[in-house]
Protein chains: 2
Amino acid sequence: MKVLLITLEPERAASEPESPAAALRDLGCDVRAFGFDLGFDEDDLSKDPPQLLVLDARERLEMAYSTLKTLRDLPPLQGTPVIVAVTTQRLSSLDFRAGDDFILVPVVPAELYARLRQLDWRFAAFSAADRVKVGDLEIDTSGYEAFVRDRKLDLTHQEFELLKFLAQNRGKVWTREQLLSKVWGYRYFGGTRTVDIHVRRLRAKLGSPADAMIETVRNVGYKLVDPIVGARG
Amino acid sequence: MKVLLITLEPERAASEPESPAAALRDLGCDVRAFGFDLGFDEDDLSKDPPQLLVLDARERLEMAYSTLKTLRDLPPLQGTPVIVAVTTQRLSSLDFRAGDDFILVPVVPAELYARLRQLDWRFAAFSAADRVKVGDLEIDTSGYEAFVRDRKLDLTHQEFELLKFLAQNRGKVWTREQLLSKVWGYRYFGGTRTVDIHVRRLRAKLGSPADAMIETVRNVGYKLVDPIVGARG
DNA sequence: GGTCCGTGATGGATGACTTCCACTGCTCCT
DNA sequence: AGGAGCAGTGGAAGTCATCCATCACGGACC
């Protein structure tokens with residue numbers, strides 16, 4: 001599980017026993033730790049958004065909420081569940097408007113694990129149907145549906161995954177090998193022409209003029225462009 | 001706050017330090033304590049229903065869930081939030097379909113208070129709408145009944161739970177594994193084909209054309225769609 | 001103790017999807 | 001202008017997920 005951890009001393013956090021960082025590490029989470037000054041690159045975050053946000057607030061609850069307010073405005077963190085680690089003394093200052101969960105320090109790894117499972121259970125239902133829009137194209141990633149001007153596309157699974165990936169990473173050209181590894185999976189063994197064929201069927205189903213959104217870049221690969229942005233260039 | 005407490009030894013419960021009973025007493029709650037055999041009068045309960053249900057399960061989690069199942073069927077407890085007190089050792093056996101929140105014993109009163117406030121906030125925000133409508137389908141979650149165009153469906157328990165879950169989370173595709181963990185319980189280990197079977201039986205009972213509301217998404221799973229929304233394709 | 005009902009497992013059939021192959025057409029470089 | 005290489009096209013075969021029929025098990029109820 002990918003976790004974004006905000007803590008006082010990011011470097012030393014995991015070495016402290018009974019800290020949220022140590023517990024997350026023990027649970028085998030993929031943790032990226034940052035301080036409350038948030039020294040991370042927002043683009044990096046967008047490419048690989050975390051599934052969970054953990055705020056190691058302890059005594060510094062006000063500072064943590066201030067940071068959380070900033071984090072909530074970042075698009076890649078929209079709808080991400082949050083767990084706030086807090087001391088017993090500061091429990092009374094907790095603010096539940098965020099609708100998330102809290103845990104006491106010292107952290108019991110088994111409890112943290114249970115709260116993760118609980119959040120997963122609660123949020124699975126809530127995870128807002130996130131939609132990706134590019135020009136006339138609209139993709140409902142949770143419903144596995146794609147629309148062009150409200151006309152529903154009848155896509156196969158692989159076609160949908162390819163279109164979704166291109167749309168989520170629009171503007172950038174992807175080689176066939178990259179697409180195979182990212183859309184088909186890292187262990188894929190096969191010819192790169194498979195990508196061509198899926199692009200072809202995708203274009204056919206998109207229809208004119210939306211098919212022009214998938215551009216072929218000779219000797220490199222494919223990219224999906226926003227027609228509005230593309231038109232001025 | 002009126003609390004119904006289910007614990008092993010109702011008479012002595014409050015005298016034990018760090019027990020849920022003692023913590024509730026310290027918080028000034030109006031506690032009525034009963035054993036797991038539930039020796040209370042249902043009429044009394046109806047006249048003065050509790051606002052919270054606390055299960056002091058500790059090691060006896062299975063027994064607590066069994067009791068909870070019985071309690072859930074009592075009309076005066078419909079929609080009452082539940083907190084399960086459990087030991088660290090039994091955390092891994094928690095089933096989140098049943099309880100709304102949990103707390104570790106020994107209980108820290110301040111934490112219990114915080115969890116009460118959290119539950120209060122959560123329940124105020126989502127005042128359980130016990131009737132779900134999707135197209136011609138109408139589900140009465142508290143009455144365990146489902147209707148299609150006012151024709152009552154004769155569903156089994158598992159079929160009803162599956163339909164309810166899909167209806168409450170319509171539009172989103174769920175994998176078989178997700179459905180197993182959310183509808184059957186996360187501890188369920190078995191073939192994913194079980195989901196197929198129940199979907200098939202559900203479709204048969206829904207009848208045409210309502211059966212088309214449950215869509216199969218190849219390579220992913222199932223979802224329930226609102227036919228009105230779906231019609232734009 | 002027998003029967004019915006709910007639940008989940010198994011194996012085969014079906015049909016859709018993915019992939020590969022051979023060919024054609026196009027683009028860019030020389 | 002010619003050629004090499006890359007991308008698009010059509011068809012065909014293999015694979016795989018889903019659906020379906022049937023059966024086995026366990027509990028509830030009579």
Side-chain angles (χ1 to χ4, degrees), chain A residues 144-146 153-166 173-185 187-208 211-224, chain B residues 62 65-66 69-70 73 97 144-146 153-166 173-208 211-224:
Chain A
Y144 275 79
E145 287 179 331
L153 303 180
D154 185 26
L155 301 180
T156 71
H157 179 249
Q158 214 62 248
E159 289 162 0
F160 181 84
E161 292 293 337
L162 176 59
L163 182 62
K164 187 177 78 175
F165 178 82
L166 289 172
V173 182
W174 299 91
T175 67
R176 292 172 175 74
E177 286 79 10
Q178 285 175 325
L179 289 172
L180 282 174
S181 73
K182 299 225 177 269
V183 178
W184 273 255
R187 306 197 315 142
Y188 181 83
F189 248 13
T192 55
R193 299 301 299 277
T194 295
V195 178
D196 297 40
I197 291 161
H198 281 268
V199 167
R200 170 181 130 213
R201 284 196 290 251
L202 211 42
R203 282 173 174 160
K205 289 183 180 178
L206 283 169
S208 184
D211 54 359
M213 291 173 69
I214 303 182
E215 292 188 356
T216 305
V217 179
R218 212 182 155 83
N219 281 310
V220 187
Y222 297 97
K223 71 171 171 178
L224 192 141
Chain B
E62 312 307 329
Y65 280 140
S66 159
K69 201 175 168 186
T70 309
D73 288 337
R97 289 175 311 158
Y144 268 71
E145 288 180 331
L153 302 180
D154 185 25
L155 300 180
T156 70
H157 179 254
Q158 211 64 249
E159 289 162 0
F160 181 83
E161 290 294 335
L162 178 59
L163 182 63
K164 186 178 78 174
F165 179 82
L166 288 171
V173 181
W174 300 90
T175 67
R176 292 173 174 73
E177 287 78 10
Q178 286 175 325
L179 290 172
L180 282 174
S181 73
K182 310 249 175 255
V183 178
W184 274 256
Y186 86 100
R187 282 170 294 163
Y188 180 83
F189 280 110
T192 55
R193 304 284 296 279
T194 296
V195 178
D196 298 37
I197 306 293
H198 283 267
V199 166
R200 176 175 155 238
R201 287 173 182 153
L202 210 43
R203 281 174 174 160
K205 289 184 180 179
L206 283 170
S208 183
D211 55 358
M213 291 173 69
I214 302 182
E215 291 188 357
T216 305
V217 179
R218 215 185 151 82
N219 275 303
V220 187
Y222 297 96
K223 70 170 170 178
L224 193 140

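Hydrogens, waters and symmetry mates are skipped; everything else that's a heavy atom, side chains included, is used. Just so it is clear: chains get the letters A, B, ... in the order the sequence lines come, proteins before strands, and each one is counted from 1.
- Between the side chains of A/Y222 and A/Q178, no donor-acceptor pair is found at a separation under 3.5 Å.
- In this structure, the CZ atom of A/R176 is 7 Å from the C1' atom of D/dA7, given to the nearest Å.
- Mapping B/R200 and A/V220 onto DNA chain D via the closest heavy atom, the residue that lands nearer the 5' end is A/V220.
- For B/Q158 and C/dC5, the CD to C1' distance is 14 Å, given to the nearest whole Å.
- With a 4.5 Å cut-off on side-chain heavy atoms, A/T194 and A/H198 count as touching.
- OP1 or OP2 of D/dC16 has not a single side-chain nitrogen or oxygen of B/R218 nearer than 4.0 Å.
- Whole-Å rounding puts the B/D211 CG to D/dT18 P distance at 18 Å.
- Look at CZ on B/F160: it is 19 Å from C1' on C/dC5, rounded to the nearest Å.
- A close approach under 4.0 Å does not occur between any side-chain nitrogen or oxygen of B/T194 and OP1 or OP2 of C/dT7.
- Across the protein-nucleic acid pair, B/D196 atom CG and D/dT22 atom C1' stand 16 Å apart, rounded to whole Å.
- Distance B/L153 CG to C/dG6 P: 14 Å, rounded to the nearest Å.
- Residue A/R203 places no side-chain atom within donor-acceptor reach of the base of D/dG8, judged by atom type and a 3.5 Å distance cut-off alone.
- Side-chain polar atoms of B/R203 and B/T216 form a donor-acceptor pair below 3.5 angstrom.
- When rounded to the nearest whole Å, the span between CD of B/E161 and P of C/dG8 equals 12 Å.
- Residue-to-nucleotide proximity on DNA chain C shows that, of A/L155 and A/I197, the 5′-proximal contact is made by A/L155.
- A donor-acceptor contact under 3.5 Å links the side chain of B/R201 to the base of C/dG8.
- Below the 3.5 angstrom threshold, one finds a donor paired with an acceptor across the side chain of B/R193 and the base of C/dG11.
- Ring-plane geometry between A/W174 and A/F165 is classed as perpendicular, the angle between the planes exceeding 60 degrees on a 0 to 90 degree scale with a lower cut at 30.
- For the pair B/W184 and C/dG8, the criterion of a side-chain N or O lying under 4.0 Å from OP1 or OP2 is met.
- Phosphate contact (OP1/OP2 of C/dC17, side-chain N/O of A/H157, threshold under 4.0 Å): absent.
- Note on A/T216: a side-chain N or O is less than 4.0 Å away from OP1 or OP2 of D/dG8.
- When the side-chain nitrogen and oxygen atoms of B/Y222 are compared with OP1 and OP2 of D/dA17, none of them lie within a distance under 4.0 Å.
- If you measure from atom CD of A/E215 to atom C1' of D/dG8, you get 16 Å, rounded to the nearest angstrom.
- At a threshold of 4.0 Å, the pair A/E159-A/K164 does not count as salt-bridged, since none of the basic side-chain nitrogens sits closer than that to a carboxylate oxygen.
- OP1 or OP2 of C/dT7 sits under 4.0 Å from a side-chain N or O of B/T156.
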